[in-house]
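Encoded as structure tokens, the structure appears first; notes follow it.
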Amino acid sequence: MDRYRDVPTTLDRSGYELAVEDTFAGPELDRSLWLPEYLPHWSSRAAAAARYRLGDGGLRLLVEEDQPPWCPEFDGQVRVSNLRTGGFAGPLGSPIGQHRFRPGVVVREEQPELRLYTPQYGLVEVRARFSDDPAAMGALWLIGVEDAPERSAEICVVEVFGKDVRDGRTAVGMGVHPFGDPRITDDFVRPELPLDAREFHEYAVEWTASEVAFYVDEQLVHVVRQSPGYPVQVMLSAYALPEADGAPPAGPWPKDVAVEWFRGWRRTG
């Protein structure tokens, strides 16, 4: 017998209750949900600080021309503005910390352990629009809290490179990456979908103990038949990417990702 349940072809929120929601309607970022930095343990809070604007019905994550690279020793000329819902890192000088994206990274600035929203299973969704700038990329992704090295897989809800956006068609990335989790195998796809990502669309995952199902505008696009079995934190990111030769990102500026709302759901009962 197939050990996987039938996956609904249309997103079904029945059986879930809202755990968190942000419409970004207030004048200030909700600091009970979001930390406005990108992996600061590998660089610093100052270097990894996000730039953003609130108003006009949502959030705009910005990467601006004068924004420095967040971690030039290990990530070159990449600039990032990111919101996250948790943080974990080991002591200064140690290799212990979330998302060890390169060999050799060490903690350069100690960070408090924070778990503002770190679900294990549930439904996570966002309504967002992305840029068609070839030097831009935006993503919503979930990473293991990584309080143990193997609890480190990523669930990428949506990843859009500006170079993949054109009138009426966009290649949308989604799937899982193992990083340090030996129980997960890489399963990532980038189907071209009949949508213009410069307009607002809804991107979601339903994550259970046996699988992760990926939806765009409430329609099923991909299913991964494996599942990280530990808490994750949310990462909402806008990137400015360097040139192919490693030179700083090209204009125009700013790079941005706009978000109307973010929601996290948990199983009722």
Side-chain angles (χ1 to χ4, degrees), residues 24 29 34 36-40 42-56 58-84 99-102 105 126-143 154 156-175 177 179 188-201 203 216 234-260 262:
F24 305 99
L29 188 70
W34 302 109
E37 306 102 7
Y38 183 74
L39 306 173
W42 304 134
S43 58
S44 68
R45 291 183 196 87
R51 299 187 185 185
Y52 57 90
R53 292 179 193 157
L54 295 167
D56 299 323
L59 163 76
R60 239 186 118 202
L61 278 174
L62 301 170
V63 183
E64 297 174 308
E65 187 171 10
D66 65 341
Q67 194 161 332
W70 82 278
C71 187
E73 181 179 349
F74 290 103
D75 212 16
Q77 290 295 317
V78 174
R79 278 87 161 150
V80 191
S81 285
N82 178 85
L83 305 183
R84 58 195 175 105
H99 199 60
R100 288 165 293 139
F101 65 98
R102 294 280 190 279
V105 293
V126 70
R127 181 170 172 82
R129 67 161 176 77
F130 299 94
S131 171
D132 63 354
D133 184 334
M137 190 265 274
L140 175 71
W141 43 305
L142 318 177
I143 57 171
E154 173 193 337
C156 181
V157 182
V158 54
E159 178 184 87
V160 174
F161 287 88
K163 64 182 177 60
D164 293 333
V165 179
R166 61 183 189 272
D167 291 344
R169 309 289 300 181
T170 301
V172 179
M174 62 193 73
H177 297 302
F179 289 99
F188 191 88
V189 297
R190 197 179 299 279
E192 187 174 73
L193 302 179
L195 61 86
D196 187 335
R198 294 169 296 188
E199 300 170 352
F200 281 99
H201 293 274
Y203 306 89
V216 177
V234 177
M235 303 282 281
L236 181 57
S237 311
Y239 295 83
L241 304 174
E243 299 282 275
D245 62 1
W253 300 94
K255 321 299 183 191
D256 75 334
V257 172
V259 180
E260 282 192 356
F262 167 83

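Just so we're clear, the structure is a prediction, and the values are computed from it rather than from any experiment.
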Side-chain touch [X]/[Y], heavy atoms, less than 4.5 angstrom:
| X | Y | value |
| --- | --- | --- |
| Ser237 | Val257 | no |
| Glu154 | Met235 | no |
| Pro254 | Arg60 | yes |
| Tyr203 | Leu140 | no |
| Glu159 | Met174 | no |
| Phe200 | Phe130 | no |
| Leu236 | Leu59 | yes |

With [X], which residues qualify under salt bridge (Lys or Arg N to Asp or Glu O under 4.0 Å), at least two apart?
| X | answer |
| --- | --- |
| Glu65 | none |
| Asp56 | none |
| Glu37 | Arg84 |
| Arg129 | Asp256 |

To the nearest 0.5 Å, tell me how far [X] [atom1] sits from [Y] [atom2].
| X | Y | atom1 | atom2 | answer |
| --- | --- | --- | --- | --- |
| Leu195 | Thr170 | CG | OG1 | 5.0 Å |
| Ser131 | Lys163 | OG | NZ | 13.0 Å |
| Leu29 | Leu54 | CG | CG | 6.0 Å |

Test side chain to side chain donor-acceptor pair (under 3.5 Å) applied to [X] - qualifying residues, sequence neighbours left out:
| X | value |
| --- | --- |
| Trp42 | none |
| Tyr38 | Tyr239 |
| Glu260 | Arg127 |
| Arg53 | none |

* Can you list every pair that meets salt bridge (charged side-chain N to carboxylate O under 4.0 Å, His left out) and has a residue in residues 131-141, with sequence neighbours left out? -> Asp132-Arg198, Asp133-Lys255

Does [Y] offer a backbone N or O that forms a donor-acceptor pair with the side chain of [X] under 3.5 Å?
| X | Y | result |
| --- | --- | --- |
| Ser43 | Trp70 | yes |
| Arg51 | Leu62 | no |
| Arg79 | Gln67 | yes |

* Hey, mind stepping through Val126 and Val259 against side-chain contact (heavy atoms from CB on, under 4.5 Å) and telling me if it holds? -> CA-CA 7 Å; Val126 70; Val259 180; 3.6 Å; yes

* To do: Not counting sequence neighbours, which residues clear ring pair (Phe, Tyr, Trp, His ring centres under 6.0 Å) with His99? List them please.
  => Trp141, Phe179

Distance-minimising heavy-atom pair for [X] and [Y]:
| X | Y | value |
| --- | --- | --- |
| Val63 | Ala240 | CG1-CB, 3.6 Å |
| Cys71 | Phe101 | SG-CZ, 4.3 Å |
| Val160 | Ala197 | CG1-CB, 4.2 Å |
| Ala250 | Ala135 | O-CB, 3.8 Å |

* Would Asp75 and Arg102 count as a side-chain contact (heavy atoms from CB on, under 4.5 Å) if you check the C-alpha gap in whole Å, the side-chain angles of each, and the deciding distance to 0.1 Å? -> CA-CA 8 Å; Asp75 212 16; Arg102 294 280 190 279; 3.3 Å; yes

* Structure fact -> Residue set satisfying side chain to side chain contact (heavy atoms under 4.5 Å, CB included) with Ala50, at least two apart, ordered chain then number -> Pro36, Tyr52, Ser81, Leu83

* Structure fact -> Residue set satisfying side chain to side chain contact (heavy atoms under 4.5 Å, CB included) with Ala247, at least two apart, ordered chain then number -> Glu243, Asp245

